[in-house]
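In what follows, a structure is listed as structure tokens, so that the remarks can point back to it.
Computation of the quantities below employed the complete heavy-atom set of this structure, encompassing side-chain atoms and omitting hydrogens, waters and symmetry-equivalent molecules. So that the names make sense, note that chain A is the first sequence line, chain B the second, and so on, each numbered from 1. In this text, all values refer to a predicted model and were calculated from it rather than measured experimentally.
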Amino acid sequence: MDNSELQPIFDFMRKLAPFDSLQEQTLKQCCKVLTIAYYSQEQKLVHVDNNEPQLYIVRSGAFEVSTQEGKLIDRIGEGQYFGFSGMLSGEKVVNQVHILEDGLVYHLPAVMFDQLRANCHSFDRFFNQAFAKRLRNQSSLKHNHISTARITNIMSRELTTITRDATIHQAALLMSEKRLSSLIVVNDGELCGILTDRDLRNRVLAKGLTGTLLVEQAMTEHPTTIKPEALIFEAMLTMSENNIHHLPVVKDNKPIAIITSTDLIRSQSSQPLLLIGQIDRQNNLESLIQVSQKIPDLLFNLISSDAKAMEIGRVLTSVTDSLTRRLIALRQEQLGPAPMTFCWLAFGSQGRQDQMAGSDQDNALILEREATKIEKDYFKQLSEYVCSALNECGFPFCPGNIMAQNPKWQLTLQQWLQAFSKWIKTPDPSALLNATIFFDMRPVFGDLSLFKQLQTTVLKNTKNNDIFIAALSQNALQSTPPLGFFRSFVLERDGSEVKGIDLKHKGNALINDIVRIYALSVGIEEVNTIKRIEALIALSAIDKDIAMNLLDAWEFIAHKRLTNQGQQFNNTQPVSNYILPDSLSSLVRHQLKDAFKVIHEAQGTVKHKFLRQF
Amino acid sequence: MLQQWWLHNKLKRLINNNKLGRPEHLQTHYQYLLTNFNQPISKTDLLALDIEMTGLNPKKDQMVSIGIIPIINGQIQPKFAQHKFIKIQGSVGQSAVIHGVLDKDLNNALTQQEALDWLFAQCQHKVLVAHHAQLDLQFLQQSLRKTGNKSFPLFAIDTLLIDKKRQFRKHQVLNTGSLRLNACRERYNLPIYNAHNALTDALACAELLLAQLNKMGGLETITLAQLLESH
């Protein structure tokens with residue numbers, strides 16, 4: 001036993017992120033080289049010596065960091081740090097540290113700080129200003145849940161192709177030699193068709209044709225394909241919807257692999273699909289309500305398996321989509337076919353495919369043309385049934401009444417175009433409130449072309465529309481993320497302290513808003529925030545660092561929301577987006593703070609870029 | 001003022017007294033106190049000290065461990081913290097419950113003479129600080145006698161006395177236990193340490209002193225003369 005070890009210092013430090021990740025021996029060294037000072041309010045300011053930088057670790061008391069101009073940067077209590085930014089950037093610290101409450105502070109010399117950063121990856125990551133890296137690594141630790149695993153995990157490495165001018169005989173030989181049930185047909189390296197066992201049987205042998213037939217005469221042209229980023233679960237859905245067993249994986253028009261139903265069964269990723277299958281098989285409302293009671297279980301299974309938040313959102317939204325489609329179909333069995341083509345739209349979180357527990361429904365109808373009184377009655381009966389049924393299935397009515405059952409939102413394509421045009425031309429506050437909901441729209445059922453026409457026109461009008469985009473930006477910047485945490489409070493940017501934080505409205509929603517502005521300004525069709533960001537990066541319409549940071553921040557906050565909801569669910573508490581700082585570990589506090597900082601900086605960029613303000 | 005003058009003279013007399021035998025470092029220690037007598041405390045190096053004993057009676061009971069931690073430039077220096085066990089006659093007995101030192105810990109301990117030599121070497125150029133210093137210093141003096149040395153006056157800054165005076169000045173009624181180390185620390189919002197060993201208590205005492213000094217006007221304004229007590 002080392003006699004000169006100071007137990008209280010060690011006990012305190014070992015609970016503190018990132019020191020908690022250090023080896024015991026290293027941590028003991030740390031405890032040895034630090035010095036302890038006491039700061040009292042009478043001194044007002046902590047004298048920070050730029051020539052001898054050090055990490056200030058607050059053991060007790062309270063401090064406030066502000067700029068020279070007096071703008072609050074952070075309030076710091078027990079277990080938090082200051083003085084490290086200068087050591088990271090090598091620049092002179094000009095910030096001021098005010099003493100709010102007397103307290104003990106440990107000083108860790110720069111030499112030790114640098115040594116720890118050099119030797120301990122997680123320590124460096126914690127303090128590194130490139131906080132994004134830290135958040136990103138956090139999410140890469142996650143296990144691949146079966147339902148949210150990507151098809152890249154189960155794709156065969158080797159792809160066997162044949163050209164369209166080869167003969168069926170050659171194709172059959174190749175398939176039997178490689179023991180394949182299908183071949184991808186290529187033309188100049190690009191996918192042009194697929195040839196399967198079934199094609200050989202139905203289109204060649206059954207018709208009495210011979211092996212001299214050309215592949216292009218027996219193949220299926222332009223088969224349904226899937227992208228490599230797709231989830232296994234989405235591949236399953238695509239196969240079962242189209243009644244096919246082979247799905248070429250295509251990247252930039254080039255086939256890279258093929259997924260078969262056998263691959264999927266082997267991956268056993270069936271839970272959400274089972275639920276969707278069950279939904280599709282139910283023939284009455286009562287049994288649908290019963291099946292949808294399993295949705296929370298699905299959600300919390302996904303949460304506990306630590307799936308990525310964006311993927312949970314996609315899975316959950318797929319279930320809602322299926323439920324909506326099944327309800328429409330059920331009602332149409334009673335009412336008969338619709339008197340005209342229409343499209344059922346989803347808005348808000350369902351539109352963006354980021355639904356979580358307790359998401360309410362936002363939906364509407366696009367009608368082909370003005371409805372007669374009888375036709376209106378048809379859509380009234382259809383929409384009221386579906387909306388009430390969704391409510392009973394766990395998707396509450398929209399408090400703002402943005403629902404298909406509201407006659408106000410059963411509009412013809414022309415009326416929708418007028419409505420959007422009005423919002424875009426005269427962006428008053430209520431129009432902008434609508435914008436955040438309506439501009440995230442996605443077709444769920446019915447005639448896609450109606451939706452396409454609407455979307456194309458809307459995006460054409462928003463693209464490069466400086467006035468509208470500026471108004472949208474102005475509106476989005478009304479709400480700011482918190483600065484961080486102080487003890488058991490959330491610290492707002494104006495210095496006020498509040499008890500808890502709504503991670504949806506003060507976190508993900510702010511990112512959704514920022515990304516929507518960018519997306520509308522360049523006319524991107526995607527509505528999912530993550531996909532919008534990816535599209536923006538591809539178009540170089542956003543600074544890549546900001547975009548990557550936003551992706552990380554979105555995922556981190558959403559993941560925190562989900563785990564919080566998982567805990568609430570396990571404790572049979574009402575599920576909400578509200579989180580109390582006391583329930584957060586010191587590492588999570590730091591990370592959330594970084595995520596808020598990312599949002600704040602991105603808001604600054606929006607202000608600069610779209611409002612021409614600095 | 002009178003007390004300070006008296007202390008000053010006492011130190012001078014002690015330095016001129018050439019009967020100071022072992023431990024030989026004492027003379028240097030007295031000289032350091034005298035030189036820094038009117039200096040602000042921030043310029044003076046301090047050594048917070050705590051001793052664990054088998055009981056509270058210096059005549060009967062024995063020291064089992066000593067913890068020291070220096071305060072240099074107004075900052076506590078864990079790097080130079082030290083903790084020593086001291087050989088005793090007999091067993092630690094029931095006192096182990098208090099200080100947690102077991103007989104087996106004392107197998108490789110210092111002898112009393114070694115412990116005294118070590119301690120006075122450490123404080124040659126430092127001022128002792130202790131909570132309820134009287135007790136610790138009495139044990140040291142008793143130990144000097146037991147080891148065949150001559151006993152001499154010892155000086156220390158006493159965090160207990162500082163708080164006692166501050167409480168009196170505020171006309172506060174002192175309750176039993178209100179001057180205990182943890183009770184004092186609580187008044188300054190210092191964290192409470194549960195481990196009870198000589199080194200932890202020395203650290204706790206050092207932190208308390210820094211808090212007290214800050215409340216009394218700061219380390220720059222208070223001189224050693226205002227704080228030092230003779231025993």
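Contact annotation for B/Ile71: neither backbone nor side-chain heavy atoms come within less than 4.5 Å of a heavy atom of chain A.
Within 6.0 Å of NZ on B/Lys87 lie more than 12 heavy atoms contributed by other residues, nucleotides or ligands. Other residues, nucleotides and ligands place no more than 12 heavy atoms under 6.0 Å from the CG atom of B/Asn108. Remark: A/Leu45 CG is packed, more than 12 non-hydrogen atoms of other residues, nucleotides or ligands lying under 6.0 Å away.
The OG atom of A/Ser40 sits 10.5 Å away from the CG atom of B/Leu213 when rounded to the nearest 0.5 Å. Separating the CD atom in A/Gln43 from the CD atom in B/Glu220 is a distance of 9.0 Å, to the nearest 0.5 Å. Here the straight-line distance linking atom CD of B/Glu207 with atom OG of A/Ser60 works out to 8.0 Å at 0.5 Å rounding.
For the residue pair B/Tyr188 and A/Tyr38, the shortest heavy atom distance occurs at O-OH, 3.4 Å. In terms of heavy-atom proximity, B/Leu210 sits nearest to A/Ile36 at CD1-O, 3.9 Å. Heavy-atom minimum distance, A/Leu34 versus B/Pro78: O-CD, 2.9 Å. Shown here for B/Leu203 and A/Pro8, the closest heavy-atom pair between the two residues is CD2-CG, 4.2 Å.
The side-chain heavy atoms of A/Thr35 and B/Asn73, taken from C-beta on, include no pair separated by under 4.5 Å.
Of all residues in residues 101-109 of chain A, those placing a non-hydrogen atom less than 4.5 angstrom from a non-hydrogen atom of chain B are A/Asp102, A/Leu104, A/Tyr106, A/His107.
Donor-acceptor pairing under 3.5 Å is lacking for the side chains of B/Asn214 and A/Glu42.
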